[in-house]
Amino acid sequence: MKYILLLSLFFTISACRKETGADRVPADVTREKNSDVTDITSGQDDRKVLTNEAVDISLWDFNGDGESDDRITVPVIEGSGNPVEDGIPRKFTITFDNKTLPDLAVGCCNPMPIGEGDLNGDGAAELSVFQSPMNGCVYTMTTYTFRNGKWKQLFKPFPVPTGCDGISNAALEQLVYKENGKIYFMETDVNDEDLKKSPKEVKL
């Protein structure tokens with residue numbers, strides 16, 4: 001099962017760890033604003049940090065060295081005004097404690113990193129990023145692979161219409177998956193009032 005390390009309880013969990021002695025979990029996610037740590041909000045307010053469960057390292061071993069690339073931060077460069085009306089949008093970059101991994105610039109807005117495990121069979125995990133739009137209710141899912149020292153898109157990003165409703169953690173975990181050696185993403189039928197999703201095979 002894929003794990004999404006969620007942000008909203010970061011500081012609370014940190015305090016609890018001091019009392020319980022729990023070890024830091026791979027892929028902690030923090031957000032920074034202009035290089036200063038700031039209050040963490042992202043648009044996905046149901047996030048949580050796993051503390052006492054075993055984490056599948058293969059979900060976060062992006063360079064295939066057998067070790068978790070554990071801490072992920074998402075610095076924010078603040079924009080100004082309304083980006084839909086000629087303003088400047090905020091920009092986000094995913095960074096890693098493991099400095100063999102270069103930063104991953106993901107732009108706007110509110111990225112949510114998801115460890116996918118090894119999708120393409122190269123011995124390293126892939127990383128998906130679920131992002132909100134600058135305006136509207138159609139989100140985007142992009143899956144990256146670390147290859148030859150660079151982050152590259154594994155396949156074309158796909159839209160995730162939400163109808164402006166929330167999306168559960170379980171649904172996020174199922175947007176991209178591997179089954180019987182094949183990679184799938186969940187394609188949304190925009191003509192269905194319930195925005196029904198069906199699997200579509202990825203051709204690499």
Side-chain angles (χ1 to χ4, degrees), residues 2-15 17 22-45 47-51 55-80 83 88-120 122-134 139-155 157 169 172-173 175-176:
K2 293 183 281 187
Y3 290 89
I4 303 172
L5 299 185
L6 309 178
L7 304 177
S8 61
L9 299 181
F10 177 78
F11 295 109
T12 302
I13 296 299
S14 295
R17 286 179 185 165
D23 292 333
R24 187 170 65 127
V25 174
D28 283 350
V29 183
T30 61
R31 175 154 301 155
E32 299 176 358
K33 174 181 176 182
N34 297 331
S35 297
D36 295 323
V37 175
T38 187
D39 188 26
I40 300 168
T41 56
S42 69
Q44 288 81 39
D45 292 330
R47 299 185 185 197
K48 61 183 177 180
V49 176
L50 303 175
T51 56
V55 172
D56 184 352
I57 290 177
S58 67
L59 297 177
W60 303 96
D61 177 18
F62 303 120
N63 60 2
D65 63 0
E67 297 183 6
S68 168
D69 302 310
D70 55 1
R71 189 177 176 85
I72 295 176
T73 58
V74 188
V76 181
I77 298 176
E78 287 292 343
S80 61
I88 300 174
R90 299 168 75 188
K91 295 181 180 179
F92 295 80
T93 300
I94 297 175
T95 66
F96 306 84
D97 265 9
N98 184 340
K99 296 308 177 185
T100 67
L101 295 168
D103 295 350
L104 175 58
V106 293
C108 187
C109 305
N110 295 334
M112 186 174 186
I114 304 167
E116 298 289 1
D118 185 3
L119 295 175
N120 60 1
D122 65 353
E126 273 63 59
L127 175 68
S128 288
V129 181
F130 181 73
Q131 289 183 268
S132 62
M134 285 189 290
Y139 287 61
T140 302
M141 188 76 152
T142 307
T143 301
Y144 297 91
T145 187
F146 186 63
R147 183 184 304 158
N148 298 325
K150 296 181 180 180
W151 288 104
K152 299 180 180 180
Q153 291 182 5
L154 185 62
F155 55 91
N169 292 343
L172 285 178
E173 292 172 353
L175 289 176
V176 176

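Please read all numbers here as calculations on a predicted model, not as lab measurements.
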Heavy-atom closest contact (G115 atom, W60 atom, distance): N-CH2, 3.3 Å
Here the gap from L59 atom CG to D118 atom CG, rounded to the nearest 0.5 Å, amounts to 10.5 Å
Closest non-hydrogen contact found for P102 with G149 is CG-O, 3.8 Å
Tell me, with the steps shown, if I94 and D103 meet side-chain contact (heavy atoms from CB on, under 4.5 Å). CA-CA 6 Å; I94 297 175; D103 295 350; over 6 Å; no
Taking only residues two or more places apart in sequence or in another chain, which ones pass ring-ring contact (aromatic ring centres under 6.0 Å, His included) with F96? F62, W151
Atom NZ of residue position K99 - does it have more than 12 heavy atoms of other residues, nucleotides or ligands inside 6.0 Å? yes
State, yes or no, whether a side-chain contact exists between P133 and Y139 at a heavy-atom distance under 4.5 Å. yes
Is it the case that the side chains of N63 and T100 hold a donor-acceptor pair, with the cut-off being a distance below 3.5 Å and no angle test? yes
Would you name the heavy atoms of D122 and F146 that are closest together and state the gap between them? OD2-O, 4.4 Å
Exam field: side chain Q131 to backbone V106, donor-acceptor pair closer than 3.5 Å: yes
Could you walk me through whether L154 and V176 pass the side-chain contact (heavy atoms from CB on, under 4.5 Å) check? CA-CA 11 Å; L154 185 62; V176 176; over 6 Å; no
Determine the minimum heavy-atom distance between M141 and S128, stating which atoms define it. CE-CB, 3.6 Å
Just jot down the side chain to side chain donor-acceptor pair (under 3.5 Å) partners of T142, sequence neighbours excluded, or say none. none
Quick one: do L127 and L104 satisfy side-chain contact (heavy atoms from CB on, under 4.5 Å)? Show the steps, please. CA-CA 10 Å; L127 175 68; L104 175 58; 4.0 Å; yes
OG1-CG distance between T145 and N120, expressed to the nearest 0.5 angstrom: 4.5 Å
Considering all heavy atoms of both residues, which atom of S58 and which atom of A125 are nearest to each other, and what is their separation? O-CB, 2.9 Å
